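FYI, side chains are in, hydrogens and waters are out, and symmetry mates aren't considered; it's all heavy atoms of this structure. From a predicted model like this one, the values you see are computed outputs, not experimental measurements.
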Amino acid sequence: MKIYKKVIACILTLMMFFAQMPVNVFAANQKNNIPLDIVLVLDVSGSMEDPITSTDSTKRITILKDSINQFIESFAENNSKQSDEKYQSRISIIKFAGDKSDKVGNDTYTENRYRYNYTQIMNDFFTATNDNKAKLEDVVNSISPAGATRSDFAMELALKQINQSKNDESRKDAKRIVFFVTDGQPTTLNNFDDDVANGAINTSKEIKKDAEVYTFGMFSLTDPSITGHVGSGSWSDAEKFNAYMHGVSSNYSDAQSYKNLGTRAENSAYYMGAKSSKEATAIFDSVIAKLLSMTYAGADYTDVDAAIKRANSLNKDNYKDFSKVEDAINAVNRDKDITEQEVVNGYADAINEAIDQLEYKAADYTEVDKAIEKANKLNKDNYEDFSKVKNVL
């Protein structure tokens with residue numbers, strides 16, 4: 001019963017978070033789905049072979065592989081529905097444990113007769129579809145836990161991937177996501193290492209300028225309600241770990257260290273945790289669903305509205321032909337998103353151009369002609385001075 005209560009609590013927390021987002025972020029319009037560049041940062045330290053907690057014998061690595069493969073399956077299915085590549089999402093996978101390698105792969109090294117995983121990019125950005133998803137799933141399934149927990153090295157590689165995405169002109173409209181998964185303390189060996197923790201937080205601060213960072217913890221100390229130290233005395237392991245996870249996440253965009261998180265973002269819930277396989281599955285399913293339903297914000301119609309207001313202030317009866325202005329206004333499509341801002345700007349330009357090209361009708365000379373006719377009927381010789389009338393004529 002406790003497990004199910006926790007599952008419900010986690011789901012409700014996520015529902016509250018995503019409900020706070022702007023309405024135009026989540027919509028059913030397939031065309032406007034935001035393509036995501038997702039960097040999965042996965043803990044492959046030796047402890048990932050352990051059960052998630054003493055009350056759930058499921059190995060952490062099993063939960064990780066199952067969850068990430070579900071991630072891949074879901075995005076592959078969604079990508080396969082998209083005929084336009086610019087609306088397809090990509091996934092990059094980074095594993096972290098020991099020393100950092102600049103090579104792409106799944107390499108290990110030996111130190112003091114023990115084998116350790118390198119912290120390295122396992123797979124560069126890859127567009128998974130129903131036809132090729134097995135390639136990415138094979139990468140995940142090849143993981144074999146061994147090593148420490150160098151999250152600082154992992155976030156350095158994540159920053160590299162985010163910068164690559166940001167500088168890719170073909171991905172200028174993509175939203176960037178980092179999903180960081182770990183089962184324990186940041187370490188160089190066994191114990192919580194301040195330098196590793198704060199290194200990861202500081203690098204994540206740079207990442208958060210261009211991406212949203214989600215963190216996910218799965219072991220006994222995981223508790224997103226803990227954000228720091230309470231009371232006097234030394235920090236507990238739980239306080240350190242959870243403050244660190246908050247600091248890496250987008251909950252605190254300006255975090256300097258786990259002891260100096262700064263101000264929390266309003267309505268933020270980027271750090272999640274699970275203490276059972278069921279909790280983990282529920283959270284991953286919810287996050288996947290929300291990421292897949294993200295859509296672009298609407299385009300900015302401020303200039304269009306200003307142009308229409310300008311047109312409406314004119315008396316169309318004063319002009320020879322007002323139809324081009326009306327046509328330009330009627331051509332405005334209010335369903336454009338931010339990727340089509342140039343089109344929307346073009347609407348405003350077209351309206352203003354049509355206004356600038358308007359030509360006034362000729363003035364009405366009816367009364368003038370009547371006055372002239374009246375003057376012409378007069379016999380100027382009957383008047384002492386007819387010159388003023390002549391001058392006016």
Distance-only, no hydrogens or angles: does the Ser89 side chain make a donor-acceptor pair with backbone N or O of Leu36 under 3.5 Å?
yes

Could Arg150 and Phe96 be counted as a cation-pi pair, given that NZ or CZ must be under 6.0 Å from the ring centre and within 45° of the axis?
no

Would you please indicate yes or no on a ring centroid separation below 6.0 angstrom for Tyr118 and Tyr109?
yes

Heavy atoms of Val104 and Met122 approach each other most closely as CG1-O, 3.6 Å

Calculate, to the nearest 0.5 Å, the distance between atoms CG and CG belonging to Asn130 and Asn78 respectively.
10.0 Å

Side chain Asn202, main chain Asn198, donor-acceptor under 3.5 Å
yes

Does Met245 reach the side chain of Thr182, with side-chain heavy atoms less than 4.5 Å apart?
yes

Is there a donor-acceptor pair closer than 3.5 Å between any side-chain N or O of Asn242 and the backbone N or O of Asp223?
yes

Quick check: do Ser220 and Lys275 have side-chain heavy atoms less than 4.5 Å from each other?
no

Side chain to side chain contact (heavy atoms under 4.5 Å, CB included) between Phe126 and Lys135, intermediate numbers included
CA-CA 9 Å; Phe126 182 77; Lys135 178 179 178 180; 3.8 Å; yes

Locate the shortest heavy-atom distance separating Gly273 from Pro224; write the atom from each residue and the value.
N-CG, 3.7 Å

Using 4.0 Å as the upper bound for N to carboxylate O, is an ion pair formed by Lys370 and Glu373?
no

Of the non-hydrogen atoms in Ala280 and Ile63, which two are nearest, and what is the gap between them?
CB-CG2, 3.6 Å

Would a distance-only check, ignoring hydrogens and angles, find a side-chain to backbone donor-acceptor pair under 3.5 Å from Ser142 to Val139?
yes

Can Glu137 and Lys65 be counted as an ion pair, charged N to O under 4.0 angstrom?
no

Looking at the rings of Tyr258 and Trp235, which for Trp means the six-membered one, are their centres under 6.0 Å apart?
yes

Would you call Lys316-Glu326 a salt bridge at under 4.0 Å N-O?
yes

For Arg176 and Asp210: C-alpha separation, side-chain torsions, deciding distance, then whether salt bridge (Lys or Arg N to Asp or Glu O under 4.0 Å) applies.
CA-CA 7 Å; Arg176 284 161 276 279; Asp210 300 296; 5.6 Å; no

Rounding to 0.5 Å, atoms OG (Ser80) and CG (Asp131) come to a distance of 6.0 Å

Side chain to side chain contact (heavy atoms under 4.5 Å, CB included) for Leu291 and Ile177? Distances and angles first, verdict last.
CA-CA 9 Å; Leu291 291 179; Ile177 302 289; 4.3 Å; yes

Taking all non-hydrogen atoms of both residues, which atom of Ile355 and which atom of Ala307 are closest, and how far apart?
CD1-O, 3.9 Å

Any side-chain heavy atom of Val230 sitting closer than 4.5 Å to one from Glu239?
yes

Parallel, tilted or perpendicular: which fits the ring planes of Phe284 and Phe179, with parallel below 30° and perpendicular above 60°?
tilted

Show your reasoning for whether salt bridge (Lys or Arg N to Asp or Glu O under 4.0 Å) applies to Arg264 and Asp254.
CA-CA 9 Å; Arg264 183 165 185 166; Asp254 294 320; over 6 Å; no

Distance-only, no hydrogens or angles: does the Arg60 side chain make a donor-acceptor pair with backbone N or O of Pro51 under 3.5 Å?
yes

Start with the C-alpha distance between Gln185 and Leu221, add both sets of side-chain angles, then the distance that settles side chain to side chain contact (heavy atoms under 4.5 Å, CB included), and finish with yes or no.
CA-CA 9 Å; Gln185 315 279 21; Leu221 296 182; 3.5 Å; yes

Going by heavy atoms in the side chains, are Ile91 and Phe75 under 4.5 Å from each other?
yes

How many angstroms lie between atom CD1 of Ile308 and atom OG of Ser313, to the nearest 0.5 angstrom?
12.5 Å

May I have the step-by-step check of side chain to side chain contact (heavy atoms under 4.5 Å, CB included) for Tyr87 and Thr339, ending in yes or no?
CA-CA 11 Å; Tyr87 287 112; Thr339 68; 4.1 Å; yes

Value rounded to 0.5 Å, distance of CG in Leu261 from CG in Asn251
9.0 Å

Taking the six-membered ring for Trp, are Phe219 and Phe241 ring centroids under 6.0 Å apart?
yes

Looking at Ser45 and Pro145, what are the two nearest heavy atoms and their distance?
O-CB, 3.2 Å

N/O donor-acceptor pair under 3.5 Å between Asp183 side chain and Met218 backbone:
no

What distance do Ile226 atom CD1 and Ser236 atom OG have between them, rounded to the nearest 0.5 Å?
6.5 Å

Looking only at atom types and distance, does a side-chain atom of His229 sit under 3.5 Å from a main-chain N or O of Gly231, one as donor and one as acceptor?
yes

If you define the side chain from C-beta out and look only at heavy atoms, does anything of Thr263 sit under 4.5 Å from Tyr252?
no

Does one side chain, of Gln341 or Asn345, offer a donor that lies under 3.5 Å from an acceptor on the other?
yes

Does the salt bridge (Lys or Arg N to Asp or Glu O under 4.0 Å) test come out yes or no for Lys175 and Glu212, once each step is laid out?
CA-CA 8 Å; Lys175 184 177 181 65; Glu212 290 182 353; 3.1 Å; yes

Minimum heavy-atom separation for Asp300 to Val344, with atom names?
O-CG1, 3.4 Å

Would you confirm whether the ring centroid of Phe180 sits within less than 6.0 angstrom of the ring centroid of Tyr214?
no

Looking at Ile201, is its backbone amide N or carbonyl O close enough to the side chain of Ser204 to form a donor-acceptor pair, meaning the two atoms are under 3.5 Å apart?
no

Check Glu156 with Lys160, please: is the shortest side-chain N to carboxylate O separation under 4.0 Å?
no

Rounded to the nearest 0.5 Å, what's the gap from CG on Leu314 to NZ on Lys309? Could you check?
13.0 Å

Answer whether the closest heavy-atom distance between the side chains of Lys205 and Met155 falls below 4.5 Å.
no

